[in-house]
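As the structure is a prediction and not an experimental result, all values here were calculated from the model.
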Amino acid sequence: IRAMCSEATQIHIFDDSEALARGAADEFVRRVESKLESGDRFSVALSGGSTPKRLYALLADPPYRDRVAWEKIHFFWGDERTVPPGHPDSNFGAADEALLSKLEIPPVNVHRIRAEMSDPAEAAAEYEAELRRHFKLGDGAFPSFDLVFLGMGADGHTASLFPGSDALGEERRLVVATWVEKLGTHRVTLTCPVFRKAACILFMVSGADKGETLRYVLEDAAEPPRYPAQLIRPDAGELSWYIDGAAAQALEDLGGR
């Protein structure tokens with residue numbers, strides 16, 4: 001593991017995707033244990049995509065499984081595809097298969113996005129109402145997750161915040177339905193200000209195909225409409241990038257940042 005830090009960002013580089021997943025599992029357990037020393041619940045927003053699947057599988061087995069008070073964890077999702085929960089593309093479905101179904105978690109602790117609804121905007125409004133209920137939010141307030149897992153696509157998108165999307169400028173709503181032109185479909189996603197309020201944002205990035213984009217995202221010159229991941233900078237929390245060796249190859253130019 002190599003770590004590079006700036007004032008606002010911690011970058012952890014792992015040898016491979018397996019080490020990355022174990023590092024993320026260690027961090028999840030550490031944060032849960034720390035929070036539950038003084039609190040009665042822990043809220044996490046899970047990521048979709050291929051990279052987190054190994055993380056979820058690790059958490060479902062010893063030794064990680066036995067270190068977590070799962071009945072106190074509340075699970076949310078950063079975004080969802082407009083498919084039923086049993087569909088192979090469902091972000092909820094992937095986490096449920098690898099993790100949730102293997103643990104004794106109260107059903108009320110699982111807060112999935114019902115993006116299979118006929119109207120994606122209605123699904124977004126329903127999830128926003130769910131967030132407001134759970135976090136007891138007043139008008140204009142935003143939730144503060146204890147931990148948010150995010151990934152990044154080779155195009156710089158994160159959650160379902162894609163380059164050029166109108167959703168990138170949303171500063172009032174918690175959840176929006178957004179049309180993704182390149183995929184020809186709607187997605188339901190949390191908005192940038194929700195992610196920015198988290199106590200910890202943890203990006204997991206693996207694969208050489210993301211290396212050049214990752215280099216652009218981590219440079220100082222911000223182009224958020226082109227690289228939406230640049231918008232996810234916490235207001236007061238911590239930002240960590242967990243990167244495997246393949247994705248990190250292009251980062252050498254950062255000069256030890």
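Of all heavy-atom pairs between G78 and A45, the closest is N-CB, 4.4 Å. The two residues E116 and V83 make their nearest non-hydrogen contact at CB-O, 3.5 Å. Heavy-atom minimum distance, V176 versus A167: CG2-CB, 3.8 Å. When every heavy atom of K102 is checked against every heavy atom of A98, the shortest pair comes out as CD-O, 3.8 Å. Nearest heavy atoms, C192 versus L231: SG-CD1, 3.7 Å. Minimum interatomic distance between I13 and A248 (heavy atoms only, all atoms of both residues): CG2-CB, 3.6 Å.
From L190, atom CG reaches atom OH of Y127 across 6.5 Å, with rounding to the nearest 0.5 Å. For the atom pair CG of L36 and CZ of R41, the computed distance is 11.5 Å after rounding to the nearest 0.5 Å. Note that the NE2 atom of H111 and the CZ atom of F76 stand 3.5 Å from one another [nearest 0.5 Å]. Separating the CG atom in D235 from the CZ atom in F195 is a distance of 13.5 Å, to the nearest 0.5 Å. With values rounded to the nearest 0.5 angstrom, R112 atom CZ is found 7.0 Å from S90 atom OG. Between atom CG of residue D79 and atom CD1 of residue I113 there is a gap of 6.5 Å, rounded to the nearest 0.5 Å.
V148 and F162 sit in two unconnected hydrophobic clusters of ILVMFWY residues. Membership requires side-chain heavy atoms under 4.5 Å apart, directly or through other members. Criterion: ILVMFWY side-chain heavy atoms under 4.5 Å apart, direct or through other members. Under it, L103 and V44 are part of a common hydrophobic cluster. Placement of L183 and V188 in two distinct hydrophobic clusters is found when ILVMFWY residues are connected by side-chain heavy-atom separations under 4.5 Å, directly or transitively. Note: the hydrophobic cluster containing W77 also contains L59 (ILVMFWY, side chain heavy atoms under 4.5 Å, direct or indirect links).
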Evaluate the side-chain contact (heavy atoms from CB on, under 4.5 Å) criterion for residues L218 and I11: first the C-alpha distance (whole Å), next the side-chain angles of each, then the deciding distance (0.1 Å), finally the verdict. CA-CA 10 Å; L218 293 176; I11 301 172; 3.9 Å; yes
I would like to know whether L161 and T191 meet side-chain contact (heavy atoms from CB on, under 4.5 Å); could you show each step before the answer? CA-CA 8 Å; L161 300 168; T191 57; 5.8 Å; no
Does the pair D155 and Y227 meet the rule for a side-chain hydrogen bond (donor to acceptor under 3.5 Å, both in side chains), with working shown? CA-CA 7 Å; D155 61 356; Y227 302 112; over 6 Å; no
Would F142 and L131 satisfy side-chain contact (heavy atoms from CB on, under 4.5 Å), going step by step from the backbone distance to the final call? CA-CA 9 Å; F142 289 89; L131 288 171; over 6 Å; no
Any chance you could lay out the side-chain contact (heavy atoms from CB on, under 4.5 Å) test for D40 and K72, step after step, and finish with the verdict? CA-CA 7 Å; D40 61 355; K72 297 182 179 181; 5.7 Å; no
Would you check, one step at a time, whether the test salt bridge (Lys or Arg N to Asp or Glu O under 4.0 Å) holds for R196 with E171? CA-CA 11 Å; R196 292 198 301 259; E171 293 290 330; 2.8 Å; yes
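Side chains of R233 and L239 form a contact here, defined as non-hydrogen atoms less than 4.5 Å apart. Within the 4.5 Å cutoff, the side chain of V175 has no heavy atoms near those of the T189 side chain. The closest side-chain heavy-atom distance from I105 to I73 is not below 4.5 Å. Contact of the F42 side chain with the E33 side chain is not registered, since no non-hydrogen atoms from C-beta on lie closer than 4.5 Å. Two residues are said to be in side-chain contact when any heavy atoms from C-beta on lie closer than 4.5 Å; P163 and H157 meet this criterion. Side-chain contact between F145 and V194: present, with at least one pair of heavy atoms (C-beta onward) separated by less than 4.5 Å. F28 places a side-chain heavy atom less than 4.5 Å from the side chain of V68. Considering only heavy atoms from C-beta on, L46 stays 4.5 Å or farther from F92 through its side chain.
At distances below 3.5 Å, at least one donor-acceptor pair connects side-chain atoms of N109 with backbone N or O atoms of E71. In this structure a side-chain-to-backbone donor-acceptor pair under 3.5 Å is missing from E97 to L99. Side-chain atoms of S43 never come within 3.5 Å of backbone atoms of H74 as a donor-acceptor pair (strictly under, hydrogens ignored). Although no hydrogens or angles enter the test, the distance criterion places no donor-acceptor pair under 3.5 Å between the side chain of W70 and the main chain of L100.
The neighbour count for E27 CD, taken as heavy atoms of other residues, nucleotides or ligands under 6.0 Å away, is above 12. Counted within 6.0 Å of CZ on R31, heavy atoms from surrounding residues, nucleotides or ligands total more than 12; the atom is thus considered enclosed. Atom CG of D166 has 12 or fewer heavy atoms from other residues, nucleotides or ligands within 6.0 Å.
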Under 3.5 Å, sequence neighbours excluded: what are the donor-acceptor pairs made by side chains of residues 133-140?
residue, atom, partner, partner atom, Å
R133, NH2, E130, OE1, 2.8

Give the table of side-chain donor-acceptor pairs shorter than 3.5 Å for residues 198-211, with sequence neighbours excluded, one pair per line with atom names and distance.
residue, atom, partner, partner atom, Å
S206, OG, T51, OG1, 3.2
K210, NZ, M152, O, 3.1

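With respect to E128 and R173, no salt bridge is recorded, no charged nitrogen being found less than 4.0 Å from a carboxylate O. Taking the charged nitrogens against the carboxylate oxygens, E80 and R187 have no contact shorter than 4.0 Å, which rules out a salt bridge.
S165 and T178 share a donor-acceptor pair across their side chains, judged by distance under 3.5 Å alone.
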